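The structure under discussion appears below in the form of structure tokens.
Order of the sequence lines sets the chain letters (A, B, ...), proteins ahead of strands, with each chain counted from 1. Everything numeric here is computed off the predicted structure, so don't read it as measured data.
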Amino acid sequence: MSYQVIAIAGFIYIIAMPIYVVHLITKSKKVGYLATASFLLGLLIHLIGFVQRYKEMYAINQSLLHSIPITNLYESIVFFVLCLVGGYLFIEWKYKKKALGVFVSTLAGIIISLTDLLGVTKEVQPLVPALKSNWLLAHVTLSFISYAAFAVGFITAALHIVVASESKKSFKYILSTFLLGFMLFTFISVIIDILYSSNPKTVRIFQSTLGNSSAVVSTISWIALLSFILGFWYIGDKIKNLLTTLRIDSDFLEEITYKMIAFGFPIFTIGGLVFGAIWAEQAWGRYWGWDPKETWSLITWFVYAFYLHSKFIRGWRGTKTSIIAVLGFLVTLFTYLGVNLFLSGLHSYGSM
Amino acid sequence: MSKLNRLNEKIWQFFSSVDLAVALFIVISIGAAIGTVIPQRSEPDIVIKFFSKFLPMNLSLNLYEIVSLLDLNNVYHSWWFTFLLFMFALNLVICSIDRLPNLLKSIKKPTQPYPESFLRSISTKKEFIYKSKRQEILEKMLNLLKHNKFSTTLFETSQGIQIYCSRWSKSRLAVYLTHFSILIILAGALVGTFFGLRGYINIVEGTSSNLAILDNGRPIYLPFEIACDKFEVEFYENSSVPKAYRSYIRIIEDGKNVKLNNKENFVVEVNEPFTYKNITFYQATYGFQLTEHTLFKFKFLNNEKEYLVNLEFEKKNKLPNTNVYISVIDFSPALGVDEEGRFFTMDSSMINPAALILFEEGNRKFHKWILARVPESWQTPYGQLKLTEVWGAQFTGLQFKKDPGVILIYIGSTLLCVGLFICLFFRPLRFFVFLEGNKVIFYLPTKKESVLSEIDKILNKLEGK
Ligand code: HEM
């Protein structure tokens with residue numbers, strides 16, 4: 001089944017992360033190649049899983065276009081990570097800098113495992129009529145491409161703040177180290193979850209750590225989480241030295257953040273907002289209805305418009321704009337997952 | 001007078017600032033977010049119930065006061081949200097007017113060289129010492145720059161040769177396209193609110209109607225009638241997952257069928273709306289409704305012969321070739337069987353239509369459920385009786401709308417995307433090259449990795465030979 005293949009790809013992403021770390025520390029070229037090679041291998045297997053899923057969908061729907069597997073939450077997450085990894089590898093190739101791989105592989109590994117947290121259906125399902133639309137197809141595809149760009153922008157923005165901050169007491173420094181520490185903890189927790197689950201299909205994120213039935217383990221996990229966050233906060237300035245030796249300075253991070261958002265914003269506008277509106281117009285007779293998902297897409301759009309304009313506000317240089325990129329991705333995540341988990345709406349992903 | 005002028009200027013500055021734009025981004029976002037949390041357009045008790053989920057009752061009641069004062073249960077149509085959008089539009093217009101002259105100036109090519117001190121003050125630079133003749137290197141470099149799509153302006157100064165290089169400088173004008181298109185979209189939304197119509201119409205299979213209900217509850221008569229000949233739900237094979245919802249309709253005007261493109265029968269499906277006289281119809285809902293003209297269609301198999309039997313509800317009919325009278329005495333659109341073997345209706349859609357048939361042969365009477373999708377239930381003592389179709393028992397719910405603003409929305413959206421692509425994918429770029437003695441110096445006003453690597457490539461090619 002395709003989801004098993006994709007799970008293997010997720011597993012390889014998880015393996016790639018420590019290799020990138022070793023490369024970061026030893027700066028060995030060979031380890032660097034190995035890291036990229038394993039990440040590429042993960043991408044390849046991911047692609048195979050994607051194609052296999054396409055075939056499974058085709059067997060049910062018998063339509064070439066409508067079988068592209070991005071029609072439910074699970075498939076969309078899989079597609080998102082595919083874009084994320086593919087996009088990252090492109091940047092790595094273009095700028096010849098590998099250090100970001102640590103964070104991208106962490107994010108990719110977490111998100112693939114997140115499909116278990118959400119308890120989403122991994123079975124292939126037939127399409128309900130409202131989803132049979134080419135506009136929807138373009139809408140979803142482009143949305144996830146832009147989300148992937150925003151995700152890379154989030155990583156570089158958070159690192160930018162860590163690297164460029166002078167004061168460890170500033171809000172933006174605390175927020176970014178908090179998020180990075182939380183990301184790393186989640187990553188490790190995911191690995192433990194997978195190792196300890198009896199059945200790979202029923203992995204639940206944080207089950208073996210924060211949410212453990214034993215009070216001792218769960219307390220230790222909370223302490224670990226706290227120390228990860230504090231640790232990140234503490235060693236933030238050392239990361240800076242490490243990254244600078246790999247020619248990753250704050251200017252580079254800021255530039256990539258900008259590039260990612262400048263790329264993601266128009267794609268999100270056309271795919272997320274305009275195509276979404278056209279689809280809604282055809283399916284429900286209104287191009288805009290203030291449904292929670294639509295509203296949060298608009299908020300996401302505003303946050304990134306804020307980012308683009310913040311450069312034109314006098315005196316806003318550097319990390320102040322990056323904090324908006326960080327917040328932007330948090331809002332994106334909420335639009336993508338939070339709305340379904342916390343707010344109800346018309347969108348079909350909500351019920352899966 | 002001068003006081004008034006100062007005030008004027010202050011107001012102008014206020015509305016032309018990006019700070020206001022950003023403040024509006026934030027406030028509008030927060031307002032919109034509130035609307036996704038508090039139940040919208042609902043009765044007071046629903047809102048209070050929502051608050052009382054996490055607050056004590058008396059606080060919830062107080063909170064409701066605030067909600068109704070600020071229209072927080074109808075955010076998107078409230079006076080303050082509309083006001084914010086208006087401010088947003090005003091901000092855009094004034095900001096654009098304010099900046100246009102400067103922008104136009106900045107995209108023009110310089111007519112005289114920049115002062116040397118200006119170049120020297122640029123901190124990001126790349127140097128390269130050449131050995132060939134100046135004329136040769138100049139020609140080569142101009143060719144390379146041209147190849148990379150830069151336009152160049154040459155100045156001979158007392159110190160050397162200054163070259164002003166720029167690329168895609170006009171793409172800054174696309175910001176105007178972007179901003180202007182947002183105004184078009186807002187205008188489209190306004191047109192829709194004031195000149196649009198929106199509502200729904202339910203039509204029972206086999207009937208026609210022009211009585212519709214607007215979203216605000218007011219009934220209206222459409223200028224033409226819609227007849228629904230049939231409504232059907234198609235299911236994926238062997239499952240109750242719907243594959244398509246379809247209404248077969250006709251338009252009747254002045255008692256005659258309307259022909260469009262030589263066709264008078266039309267299909268409305270989810271994602272495939274139908275438009276007539278600027279009113280667009282969408283397949284929205286459907287339902288089950290037994291009426292006096294509902295027709296039950298059967299196939300009766302007796303001695304290897306097949307007969308069609310049509311029955312109206314509670315009317316008797318003779319089974320062909322027998323002395324048996326049958327009639328439909330009950331009906332369910334989706335009959336299910338519970339654990340104790342009792343029948344119940346699972347759903348109001350026709351997932352598995354079933355008819356309860358009363359058989360009468362002389363004094364003998366008995367009844368039996370016949371389920372359209374369960375072949376075992378078709379067996380009767382007289383032969384196989386298969387329920388093939390129940391016609392005229394469903395209504396189709398069509399949503400309709402007339403929105404003259406949509407065209408503006410589409411135009412605005414297209415321009416918005418075009419504008420964004422131009423202004424974000426074709427970033428304007430400019431730098432200076434200075435030929436001084438046997439040195440070529442690149443001065444870059446913005447430090448960007450991608451630009452630097454492009455310059456590096458140009459330098460490599462200059463050196464490479
Ligand atoms: C959500 C709506 C808006 C969108 C999508 C939008 C989009 C953009 C984009 C893409 C740019 C170019 C950014 C860059 O070059 O990096 C820009 C620039 C700008 N925007 Fe907006 N904008 C919006 C609303 C506004 C509003 C309300 C104002 C009101 C003041 C405004 C003022 C400006 C200004 C002053 C610039 C700089 C133009 C220049 O290069 O001189 N924008 N906008």
With B:Tyr276 via side chain to side chain contact (heavy atoms under 4.5 Å, CB included) - residues at least two apart: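 B:Tyr276 satisfies side chain to side chain contact (heavy atoms under 4.5 Å, CB included) with B:Phe224, B:Ile251, B:Glu253, B:Val258, B:Leu260, B:Phe274 only.
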
A:Lys98: partners by side chain to side chain contact (heavy atoms under 4.5 Å, CB included), with sequence neighbours left out: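 Partners of A:Lys98 under the side chain to side chain contact (heavy atoms under 4.5 Å, CB included) test: A:Tyr20, A:His23, A:Tyr33, A:Thr36, A:Glu92.
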
Which region of B:Ala32, side chain (C-beta onward) or backbone (N, CA, C, O), has a non-hydrogen atom less than 4.5 Å from a non-hydrogen atom of chain A, or is it both or neither?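 Contact with chain A is through both the backbone and side chain of B:Ala32.
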
Considering only heavy atoms and a distance below 4.5 Å, find which of A:Ile299, A:Ile278, A:Thr269 pairs most often with chain B.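 The residue among A:Ile299, A:Ile278, A:Thr269 with the greatest pair count is A:Ile299.
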
Sort by residue number and list every residue of residues 180-189 of chain B having at least one heavy atom under 4.5 Å from chain A.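 Counting heavy atoms that sit under 4.5 Å from chain A, the residues of residues 180-189 of chain B involved are B:Ile182, B:Gly188, B:Ala189.
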
A:Tyr304-A:Phe268 aromatic ring centre distance below 6.0 Å: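 A:Tyr304 vs A:Phe268: aromatic centres not under 6.0 Å.
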
Given a strict heavy-atom distance threshold of 4.5 Å, which part of [X] is in contact with chain B: side chain, backbone, both, or neither?
X: A:Glu281; value: both
X: A:Lys96; value: neither
X: A:Lys259; value: side chain
X: A:Tyr287; value: side chain

Can you find a side-chain donor-acceptor pair between B:Arg427 and A:Tyr258 that sits under 3.5 Å?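 Note: B:Arg427 and A:Tyr258 side chains meet the donor-acceptor criterion.
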
Measure the CG-OG1 distance between B:Leu398 and B:Thr280 for me, rounded to the nearest 0.5 Å.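 Rounded to the nearest 0.5 Å, the CG-OG1 separation comes out at 12.0 Å.
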
Go through the structure and list residues passing ring pair (Phe, Tyr, Trp, His ring centres under 6.0 Å) with A:Trp290, not counting sequence neighbours.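 Scan of A:Trp290 (ring pair (Phe, Tyr, Trp, His ring centres under 6.0 Å), adjacent residues dropped) gives A:Trp288, B:Tyr76, B:Phe81.
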
